[in-house]
S.K.: 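Take a look at the following structure, please.
Letters A, B, ... are given to chains in the order of the sequence lines, protein chains preceding strands, and every chain is numbered from 1.
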2 protein chains.
Amino acid sequence: MTAHSRRKFRREGEERRRQDLIEATLDCVAERGLPGATVRAIAQRAGVTAGLIRHYFPGKEELLQAAYAEIVGRMTEQAKAALAMEGAGPRRRLATFLAANLGPPVVDTRVFSLWAGFIGRAHADPALSVAHREGYLDFRDEVEALVAEVLEAEGRAAGKTQLRRHAIAINAIIDGLWIEGCLAGDIFEPGELADIGIATVEALLELDLREEEKT
Amino acid sequence: MTAHSRRKFRREGEERRRQDLIEATLDCVAERGLPGATVRAIAQRAGVTAGLIRHYFPGKEELLQAAYAEIVGRMTEQAKAALAMEGAGPRRRLATFLAANLGPPVVDTRVFSLWAGFIGRAHADPALSVAHREGYLDFRDEVEALVAEVLEAEGRAAGKTQLRRHAIAINAIIDGLWIEGCLAGDIFEPGELADIGIATVEALLELDLREEEKT
DNA sequence: ACGCTACTTATACACTTGCATAACAACGCC
DNA sequence: GGCGTTGTTATGCAAGTGTATAAGTAGCGT
């Protein structure tokens with residue numbers, strides 16, 4: 001009778017393990033969808049046993065939320081970086097913002113899979129629903145502010161409702177192109193989505209975002 | 001000892017039962033998300049017992065696919081109706097097509113919830129993935145054909161790549177606005193999304209879709 | 001009215017899930 | 001180097017899942 005020898009293991013720092021578990025969760029969701037992200041599958045991918053998850057997170061729900069927060073963080077990080085370009089003029093910042101949201105690492109099947117999984121349960125889970133609405137409105141507000149700056153610098157003041165509609169439309173363009181890129185990225189040339197997005201916004205606002213800016 | 005009396009039931013026609021089960025599935029998905037659509041929950045909502053499902057469908061998977069097909073059918077039905085307007089000119093048909101995709105019953109939380117649930121598992125399930133890609137390309141081809149007609153009628157021939165990019169952009173606008181409407185329909189006025197969509201496409205194509213057409 | 005068919009119910013089963021708990025061992029400290 | 005702390009494993013459990021199967025009965029043909 002073979003006495004089952006207990007598995008060897010190493011102790012990792014708390015921060016490291018948490019990050020590993022989150023990354024393993026993202027991998028599982030990306031490969032097998034949200035229902036495929038079971039505690040056992042996540043643990044196996046992280047190289048630990050299932051029970052350990054509950055040593056770092058109150059429950060599976062919290063781990064998923066942490067993973068979702070991680071993804072959202074990475075996405076907004078790119079967008080924020082584009083917005084923070086204080087040196088450039090408004091038009092160039094808008095173009096950079098669009099390009100940042102329509103290329104890697106924002107356009108990615110893993111990101112999309114997690115997004116779809118959470119969004120699908122959004123209106124079943126009220127907490128998730130409001131979190132998402134807030135994220136959406138925040139994003140749209142940023143777009144609206146950016147558009148306002150651009151038009152103002154152009155000497156073309158726009159009314160509140162017009163500004164709102166522009167923000168809604170641009171947000172839709174970003175979302176739509178993002179989804180197309182995530183679902184079928186292989187049928188687009190690299191940078192093509194960003195080009196299309198910028199060109200469409202240019203047509204919408206009736207100006208050239210790539211032209212050299214005049215101080 | 002109370003002898004459990006067997007539950008009363010009525011026999012329904014095959015078509016009726018199948019439709020009821022599909023409708024019950026849609027309700028469950030809409031209210032509790034895809035994971036909430038268990039065979040027992042579906043059966044309860046349909047007013048039958050769980051075992052009956054397997055009398056009309058080989059398994060749960062097939063029932064879900066039938067429900068998904070039902071939703072897709074209802075969505076494309078609207079779009080096709082707009083396309084079939086042979087009497088009207090190309091510009092009016094494009095506007096109608098846009099409006100049809102950006103209002104009820106296409107813009108609906110139930111539809112979206114089911115869409116999100118399926119799309120989330122899309123790249124885990126190859127069969128689902130190709131089905132979706134085909135649906136997307138079909139839809140985009142329709143958009144492209146419509147745009148081609150409009151530009152042609154205007155005497156503005158466009159190159160193949162330009163046509164393709166227009167179709168991608170318009171498709172993105174539809175998708176993006178559709179999502180916004182489904183997720184937060186209450187913050188938009190009725191018809192506002194359609195207005196924004198049409199206005200954005202007008203800007204993109206540099207023409208007026210609502211102006212009276214000249215024969 | 002009676003049987004037959006197949007639609008419907010009821011029960012059971014194998015499996016998976018998240019979670020609880022106890023045994024264990026790796027690492028730091030003295 | 002021994003020891004305690006606690007990160008980690010191993011095992012078990014109750015609940016829920018889809019599915020299989022047998023029993024029952026509603027409604028139709030005759």
Side-chain angles (χ1 to χ4, degrees), chain A residues 1-25 28-29 31-68 117 121 124-125, chain B residues 1-25 28-29 31-68 117-118 120-121 124-125:
Chain A
M1 57 192 86
T2 59
H4 284 226
S5 69
R6 191 167 253 255
R7 170 177 173 168
K8 301 299 181 194
F9 61 92
R10 270 185 41 216
R11 300 187 141 183
E12 297 283 356
E14 164 152 357
E15 212 47 46
R16 171 67 187 279
R17 271 276 191 261
R18 292 180 76 95
Q19 199 57 38
D20 282 353
L21 288 173
I22 288 176
E23 211 62 45
T25 304
C28 286
V29 173
E31 289 180 10
R32 279 164 291 183
L34 206 59
T38 69
V39 287
R40 286 170 177 81
I42 293 170
Q44 184 176 13
R45 179 169 284 264
V48 297
T49 52
L52 191 60
I53 289 180
R54 290 205 20 105
H55 192 264
Y56 288 101
F57 297 91
K60 184 195 174 187
E61 191 70 21
E62 285 77 9
L63 172 56
L64 284 179
Q65 288 172 7
Y68 181 66
R121 297 220 300 222
D125 182 347
Chain B
M1 57 191 88
T2 61
H4 284 228
S5 70
R6 192 166 250 254
R7 170 177 172 166
K8 301 299 182 195
F9 62 90
R10 270 186 42 215
R11 301 187 143 187
E12 298 284 355
E14 165 153 355
E15 213 45 48
R16 172 67 187 278
R17 271 275 190 263
R18 291 179 78 93
Q19 199 56 39
D20 282 354
L21 288 174
I22 289 176
E23 210 63 44
T25 304
C28 286
V29 173
E31 289 180 10
R32 280 165 291 183
L34 206 59
T38 68
V39 287
R40 287 169 178 81
I42 294 170
Q44 183 175 15
R45 180 169 283 264
V48 297
T49 53
L52 191 60
I53 289 180
R54 290 201 26 101
H55 193 265
Y56 289 100
F57 297 91
K60 184 196 175 187
E61 191 69 21
E62 285 77 8
L63 172 55
L64 284 178
Q65 288 173 7
Y68 180 66
F118 274 93
R121 297 217 305 219
D125 182 348

S.K.: Once you round it to whole Å, what is the distance between P of C/dT16 and CD of A/Gln44?
M.R.: 13 Å
S.K.: Whole Å only: how far is the CD atom of A/Glu15 from the P atom of D/dG7?
M.R.: 13 Å
S.K.: I want to check something: taking the side chain as every heavy atom from C-beta on, are A/Leu52 and A/Arg17 in contact at a cut-off of under 4.5 Å?
M.R.: yes
S.K.: I need the CG-P distance between B/Leu52 and C/dT9, as an integer number of Å.
M.R.: 6 Å
S.K.: Is any side-chain N or O of A/His55 closer than 4.0 Å to OP1 or OP2 of D/dG7?
M.R.: yes
S.K.: In terms of the nearest nucleotide of DNA chain D, which residue is placed more toward the 5' end: B/Lys8 or B/Lys60?
M.R.: B/Lys60
S.K.: Mind checking B/Tyr56 for me? I need base, sugar-phosphate or nothing, with any heavy atom below 4.0 Å counting as a touch.
M.R.: sugar-phosphate
S.K.: Describe the nucleic acid contact of A/Arg40 in one word from base, sugar-phosphate, nothing, applying a heavy-atom distance below 4.0 Å.
M.R.: base
S.K.: Please give me the minimum heavy-atom distance between B/Arg45 and B/Ala24, naming the atom from each residue.
M.R.: CD-O, 3.7 Å
S.K.: Across the strands shown, which category fits B/Glu12 at heavy-atom distances under 4.0 angstrom: base, sugar-phosphate, nothing?
M.R.: sugar-phosphate
S.K.: Please examine the side chains of A/Val48 and A/Ile53, heavy atoms only from C-beta on, and report whether any two atoms are closer than 4.5 Å.
M.R.: no
S.K.: Mind checking whether B/Thr49 and B/Arg7 have side chains closer than 4.5 Å, heavy atoms only?
M.R.: yes
S.K.: Using whole Å, report how far CZ of A/Arg7 lies from C1' of C/dA26.
M.R.: 15 Å
S.K.: In whole Å, I'd like the distance from the CD1 atom of A/Ile42 to the C1' atom of D/dT8.
M.R.: 17 Å
S.K.: NA contact type, A/Thr49, heavy-atom cut-off 4.0 Å: base, sugar-phosphate, or nothing?
M.R.: base
S.K.: Can you name the atoms? Protein N/O to nucleotides 21-24 of chain D N/O, anything below 3.5 Å, with the distance.
M.R.:
none

S.K.: Establish, with yes or no, whether the OP1 or OP2 oxygen of C/dT8 is under 4.0 angstrom from a side-chain nitrogen or oxygen of B/Arg17.
M.R.: yes
S.K.: I'd like to know if A/Glu23 and A/Arg18 make a salt bridge, using a cut-off of under 4.0 Å between side-chain N and carboxylate O.
M.R.: no
S.K.: Report the residue (A/Gly13 or B/Glu62) whose heavy-atom-nearest nucleotide on DNA chain D is the more 5′ of the two.
M.R.: A/Gly13
S.K.: Picking from A/Leu21, A/Val39, A/Thr25, what satisfies side chain to side chain contact (heavy atoms under 4.5 Å, CB included) with A/Phe57?
M.R.: A/Leu21
S.K.: Without decimals, in angstroms, what is the distance between A/Arg10 CZ and D/dT9 C1'?
M.R.: 16 Å
S.K.: Specify the separation, in whole Å, of atom CD1 of A/Ile53 and atom C1' of C/dA20.
M.R.: 15 Å
S.K.: Send over the distance from A/Glu14 CD to D/dT6 P, rounded to a whole Å.
M.R.: 12 Å
S.K.: Hey, are the side chains of B/Leu63 and B/Tyr68 touching, using non-hydrogen atoms and a 4.5 Å cut-off?
M.R.: no
